[in-house]
Amino acid sequence: MNRHHWIEYQKAVAPDHYFFGRSCIRQTFFTGSETAFIDIVEKELGLDICDDARQHTCTGIGYHSDIIPFLTTSTVIARLFALMTEKGYKNYVPSCITTFGLMSEILETWEHFPETLAQTREALYKATKREFEVPENISHPCDIIYKYRNELKQKMKYQLVDKNTGEPLKVVDHIGCHYAKIFPTKGIGGAEFPEVLSGMVESWGGSIVDYAERRQCCGFGFRNYLVQADRGYSVSNTYKKLESMAPYEPDLIVCNCPGCTMFIDKWQYTIAEMEGKTFDKYGYGIPVLTYEELAGLLLGYDPWKLGFQIHQVQIEPLLDKIGIKYNPEEKFASASGKQLIPPEKPVNLKV
Amino acid sequence: MEKFDIIIIGGGPAGLNAAMRLSNMNYKTLVLEKEKVIGGKLNQWDKLFPDFTPAIDVLKYLTENIKQENTQISTSTSVTKIDKSDNLWKVTDSNNNEYLADAVLITTGFDVFDARRKEEYGYGIYPCVITSVDLEKMLETGTINFPIETSDRRRRIAFIQCVGSRDEKSGNHFCSRNCCICAVKQAIEVKEVVPDSDVYCFYMDLRMFGQHYEELYRRSQQEFNVNFVRGRVSEIAPTFDNRVVLKAEDTLLSRPVKMTFDLVVLMVGMNPSEGTKTLSSLLDINDEYGYVVSQDEHVADNLTNKAGVFVAGTCKRQLTVPETMKDADSAAIEIANFLNRR
Ligand code: SF4
């Protein structure tokens, strides 16, 4: 693909000293991702990151479902900033794209309507006696991995290459809408062709699939999923994306947003059950990875410690394709080594 | 240092027309043109709307009627400095030559909008996406080059209007005024070259303000079956067979549309040229886009608030070719009056 205009655009990403904000969804569905990120920052890159146990929700899902008003949300987020300030940090790193988008929105609102910042300070102080500094830099973890992608490449044991053919793996990048569609300058490479994931993939040996529904929403859409009657919209969105990418026979999908990773992964099961249809040649589905899981795999981290058991589309065919070593015996072993009962197998989606 | 009555900066239609008028009034005129050849955007257009006059005919008329003995033309020359020196204007060019003149006329014109800035339309990324300037080059050769070969289907061609105009995202709020009627002209020309094709124009609203524009718009539908869809295109993306799929909303039907095309033509808008931006800022007579601001749009539209600096054509705002020519005529009269008063 030819390079485009915004490719030259790089947002400012703080080089070190990060205050990490965890994600409600990610800790539940992509259990190894955040730990992998912290390990990558601390152990691989030798940088400083603070993982504060006092942190809490950003209210993002409630806010985008119209059940939490702006001032409440901004006050809850201000509390997160207060925790960061108390720890002496200035660079906030929210793990979730929803939080990232929400923080960007709040900072922009504070800038244009300073009275809302004053109201937030007052509300936070009244409720908690806390005060806060506005972060100097808000970067998503994917920005940080992108920034250090070439340094990480040096440490990687594997590449995004088919070990049998030597060909680069075909990767679909899916960028969360709230990463750069709201504020194009907050994302690396802008809103239309964000460079953040494709840059990692290309640096690590893969090739990017450019397809008609590349910018299409994953299907989460908050109320489209949360209101049960609207879930058809959610599934059909994902269906549209998968159908559009399928002819290119992608080897994997990488996402930077927890909602997207979850829905593109899990709706593959739903669509297989509803229609008997899968989007790869062999009936296993297309694996969907977070960027930390992808980086972790290539760095040689244990796939089961990265949490791939919990994914709907199973990872083994991809591991075999790259030549990543893993122990099938440990897939469903507990931390103490005891074998847990494996989950029930789906009817139509092979595992 | 050579002295002229007037230095014209920019050798496009406005500059050449003014040079023609002033040289025929026996004023000693210097034209500085940054490109290798004179003619400006007339060199990029095959035929002009609304009557399909070959652009080359206009250029020929101008060059043939410039009084040679009163006119010096210097090509591949841009202006780097301009300042007042003893009631005269001193102009320094990119070759470090210095000239003096009683008056300076700015006719530095426009550049087309860089379509790569609207990344969602994929210009420079997908070969099926071209600009109106690229299409004009094809029309000059009498063939349309479709990037993907086919023998078994009717070709589908889309025109997208307002690319880089009336657009918050690209920072251009103005209407470029030329592209609606230009799309109608080009749609007809495409149908003439490829009769076995379906042509669609996606528009916000069609601004057919000039004489014969409405008539041409009607002809394009009645005689050439060009389809007009009211709706702005949201994005263009590749198909598996390397054509492109276009997504828009048909706001008359209140429905989203998604169609596959063999060729998409972006009707790129008009931005002040680099030369216009440089000069307007050097002289501190620039607006928020970098266009030159005239002294008064109603009664002194060829004057600037710098005595002896005049302005004409599309370095000021978006004008059609006939409007540009008339503007240059009136600039020549203003300059002649100014020089006579000296
Ligand atoms: S002339 Fe037409 S296409 Fe061009 S900017 Fe104006 S409305 Fe848009």
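A note on names: the letters A, B, ... follow the listed sequences, proteins ahead of strands, and every chain is numbered from 1. Side-chain atoms are counted along with the backbone in the values below, which use heavy atoms only and exclude waters and symmetry mates. On a predicted model such as this, the values are computed, not experimentally measured, just so you know.
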Note: B/Ala237 and A/Ala212 closest approach over all heavy atoms is CB-O, 3.2 Å
Nearest heavy-atom contact between A/Asp210 and B/Pro238 is O-CG, 3.5 Å
Whatever's closer than 4.5 Å to a heavy atom in chain A on B/Lys118 counts as neither
Quiz item: Should the ring pair B/Tyr126 and A/Phe193 be called parallel, tilted or perpendicular, given that the plane angle runs from 0 to 90° and is split at 30 and 60?
Solution: tilted
Discussion item. With salt bridge (charged side-chain N to carboxylate O under 4.0 Å, His left out) as the criterion, how do A/Arg214 and B/Glu235 come out once you've worked through the C-alpha distance, each side chain's angles and the decisive distance to 0.1 Å?
Written reply: CA-CA 11 Å; A/Arg214 189 169 175 188; B/Glu235 69 163 351; over 6 Å; no
Rounded to the nearest 0.5 angstrom, the CE-CZ distance for A/Met245 and B/Phe240 is 13.5 Å
Here the gap from B/Ile236 atom CD1 to A/Glu192 atom CD, rounded to the nearest 0.5 Å, amounts to 11.5 Å
Over 12 non-hydrogen atoms of neighbours within 6.0 angstrom of [atom1] in [X]:
| X | atom1 | result |
| --- | --- | --- |
| A/Phe183 | CZ | yes |
| A/Phe222 | CZ | yes |
| A/Phe70 | CZ | yes |
| B/Arg154 | CZ | yes |
| A/Glu115 | CD | yes |

Taking the side chain as C-beta and beyond, is there a heavy-atom pair between B/Lys247 and A/Glu213 under 4.5 Å?
yes
If one checks every heavy atom of A/Tyr211 against chain B at 4.5 Å, the contacting part turns out to be backbone
